Amino acid sequence: MIEAWSVADVRAAEHPLLAAGDPLMERASFALATIVARDVARRRSVVGPDGGRRDGRVTGARAVLLVGPGNNGGDTLFAGAHLVRRGMGVLAVLASEHVHGGGLAALRRAGGRVVELVPESGGEGGASRWGDPDPATVEDAVSRAVGADVVLDGLLGIGASGALRGPAAVLVRRLVEVLGARTDRDERGGDGSVRSRPWVVAVDVPSGIGVDDGTLPGTVLRADRTVTFGAAKPGLLVPPAAGAAGHGAVVEIGLALGADPAGPPGPAVRRLEARDVGRLWTVPGPEDQKYTRGVLGVVAGTPTFPGAAVLVTSAAVRTGPGMVRYQGPDDVARAVLAARPEVVPASGRVQAWALGSGVPAAAAGGAGHDEPDPGGQHARIRAALADAAGDPGGATSSGGPVPTVVDAGALSLLPDRCPPWFVLTPHAGELATLLQGRGEAVDRPGVEAEPLRWARRAHELTGATVLLKGSVTLVVGPARVYAQADAPAWLATAGAGDVLTGILGVVLAGHAARAVAEPGSVAELAAAAALVHGLAAERANPGGPISALDVAAAVPGVVCELVAAR
Ligand SMILES: NC(=O)C1=CN([C@@H]2O[C@H](COP(=O)(O)OP(=O)(O)OC[C@H]3O[C@@H](n4cnc5c(N)ncnc54)[C@H](OP(=O)(O)O)[C@@H]3O)[C@@H](O)[C@H]2O)[C@@H](O)CC1
Ligand SMILES: [K+]
């Protein structure tokens, strides 16, 4: 599992170490330089006499450091000094009036060069306040950076507030403009090494991201790699900022995060990895039979949208429940049975529900409003929701309370307050509609700009666990946030969400009692389902187009691997 800690928690953990004179910056900058050198060597890899590729030489490679006012710039300058000692040509571009004095002195001692960023018209006789003969305009700095092998973004770290300001902001905007027009494919050297585009390494975080909330308040230089110190930060996992972080590397510097019982209750954001999920899977034993293994009840699809019912039930059957029951109009049930004869088209006890996929939303006005009910599905969903919440007046006798996936049209049928074992699975547009219905002034772009904030808000307002679908899927439940980035971009295809509904429904059915008794566990189960969904998409056709049904078909193989590895 990757654990991301808030800025306040990281600062609190570093405090006693700094007070005891622990050389945190030395550790951080040495590790940063080691990773940068390794990346540069790989990037300059060449074809050897045997035809295989081998790491290239670090000596002679060029690094440009973008240096801001704080300790983030200090880390970068000290790392620059290490890189000089490894034989690299290092140029620091100072983008602030003040920079870390010790770091600057170390870089100079090692033989690194330093220029100070000045306005285009600046220079003022060619002398800068750092006593270096070379002031550099933004265009100078950009052309040095673009021509380098590696750029270290050390403008701002966890001390950032808001969008980058001043000369650093101008520099980054211009650099992003110029680099945006280039790709690795533009040009390779005769030996096969990449020449045209520098490798960008963000120091601790890409400068100017919302470190705690994952927002992008201004232009940010997109990194190929982020080397982060002590622990990951929420903004490295949460979109949209997570998209600027590239490959991650967490450098251990001795912070005792999570060790203090009086300290913070846990990381701000978590990300499950494949090895975490196998242990969550309910594996049947010899004493199990279909009713003990978990029965999932599905209300999905309408005569107009029967495909969703087929997709939810297909994915559910493939995920390994004891049984899947389907409730819906006869012609939809026939389509479901034609695809999956294992499905039982009758009501009865269930351990979890999957509701609403392929069912249109009820007209505004909510439950009880006199809208036409497509195929009677709204009535079935309302009954199941009441049953799942544990309402004794519920019209079905399926054995609630039980955990429930609330998707698509079912989101419009929710009561004002839900139990945390309801997992709402909106995409950004559906979340905006749900929030608007509860008095929040936010639209889809607003949700996309601050998905963590709005998923949290939806959790607060409804009480339910919220799984916000996207290229990074966020899950917010009681005291837990997960950010899963397992799915290939190819998964953005019609029906993919229905498949997730089926997988998640079965995961919940396998842990029904725990989900109700320990609401904090629901978010983890939902994150696990998102991970399996993403891995199944990757397995369905690595690197190429995938259909939703192909994803469902790939689930058994993924589950098998996860369980075998536990
Ligand atoms: N945690 C750890 O254990 C370790 C942490 N380490 C390192 O320390 C880093 C944190 O250092 P830091 O506290 O000095 O903050 P950092 O981000 O460098 O800059 C703050 C400065 O930027 C300014 N500023 C703020 N916003 C701005 C904006 N939008 N645009 C422009 N300027 C802005 C702000 O000005 P102010 O807001 O105060 O006016 C202030 O001057 C951390 O990320 C990691 O790299 C490691 O050394 C090892 C151990
Ligand atoms: K940075």
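Just follow the structure's listing: the first ligand is 1, and inside any ligand the first atom is 1. No experiment lies behind these values; they were computed from the predicted model shown. Residues: numbered from 1 along the sequence shown.
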Practice problem: Mind running salt bridge (charged side-chain N to carboxylate O under 4.0 Å, His left out) on Arg270 and Asp276 for me, showing each step along the way? | Solution: CA-CA 11 Å; Arg270 297 166 161 91; Asp276 304 311; over 6 Å; no

Quiz item: Is it true that the side chains of Arg85 and His82 contain a donor and an acceptor less than 3.5 Å apart?
Solution: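 His82 and Arg85 do have a side-chain donor-acceptor pair below 3.5 Å.
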
Exercise. Identify whether the distance between the nearest side-chain nitrogen and carboxylate oxygen of Glu448 and Arg444 falls below 4.0 Å.
Key: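 Salt bridge flag = yes for Arg444 with Glu448.
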
Looking only at N/O atoms, are [X] and ligand 1 under 3.5 Å apart anywhere?
X: Ile158; answer: yes
X: Leu156; answer: no
X: Gly159; answer: yes

Quiz item: Using 30° and 60° as the class limits, which term best fits the ring planes of Trp199 and His247: parallel, tilted or perpendicular?
Solution: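 Correct class here is parallel.
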
Side chain or backbone of [X] under 4.0 Å from ligand 1, or both, or neither, by non-hydrogen atoms?
X: Leu17; result: neither
X: Asn71; result: both
X: Arg27; result: neither
X: Pro69; result: side chain

Enumerate the atoms of ligand 1 whose separation from the nearest heavy atom of [X] is less than 4.0 angstrom.
X: Gly162; result: 29 (N)
X: Val10; result: 1 (N)
X: Arg11; result: 13 (O)

Exercise. May I ask whether Gly230 places a heavy atom under 4.0 Å from ligand 1?
Key: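 Gly230: no contact with ligand 1 (<4.0 Å).
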
What residue and atom, counting heavy atoms only, is the protein's closest point to [atom], and at what distance?
atom: atom 30 (N) of ligand 1; result: Arg165 N, 3.0 Å
atom: atom 19 (O) of ligand 1; result: Gly70 CA, 3.7 Å
atom: atom 1 (N) of ligand 1; result: Glu14 OE1, 2.6 Å
atom: atom 6 (N) of ligand 1; result: Asp75 OD2, 3.6 Å

If only atom types and distance count, is the side chain of [X] paired as donor or acceptor with the main-chain N or O of [Y] below 3.5 Å?
X: Arg271; Y: Ala483; answer: yes
X: Asp140; Y: Thr137; answer: yes
X: Arg44; Y: Arg57; answer: yes

Heavy-atom nearest neighbour of [atom] within options [options]:
atom: atom 17 (O) of ligand 1; options: Gly74, Pro23, Gly157; value: Gly157
atom: atom 29 (N) of ligand 1; options: Gly254, Ala160, Ala163; value: Ala163
atom: atom 42 (C) of ligand 1; options: Leu257, Val67, Asp204, Leu32; value: Asp204

Practice problem: Using a cut-off of 3.4 Å, find all protein N, O or S atoms closer to the K ion (ligand 2) than that distance. | Solution: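 Listed by chain and number: Asn72 OD1, Asp153 O, Leu156 O, Val203 O, Val205 O, Ser207 OG.
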
Exercise. Run the numbers on Arg279 and Glu524 for salt bridge (charged side-chain N to carboxylate O under 4.0 Å, His left out), then give the verdict.
Key: CA-CA 12 Å; Arg279 73 181 159 76; Glu524 184 182 42; 3.3 Å; yes

Quiz prompt | Pairs satisfying salt bridge (charged side-chain N to carboxylate O under 4.0 Å, His left out), at least one member in residues 201-217, at least two apart | solution =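 Qualifying pairs, neighbours excluded: Asp204-Lys233.
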
Quiz item: Which residue pairs pass the salt bridge (charged side-chain N to carboxylate O under 4.0 Å, His left out) test with at least one member in residues 433-442, sequence neighbours excluded?
Solution: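 Output for this query lists Glu440-Arg457.
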
Quiz item: Which residues pass the salt bridge (charged side-chain N to carboxylate O under 4.0 Å, His left out) test with Arg27, sequence neighbours left out?
Solution: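 In terms of salt bridge (charged side-chain N to carboxylate O under 4.0 Å, His left out), with neighbours along the sequence ignored, Arg27 is linked to Asp22.
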
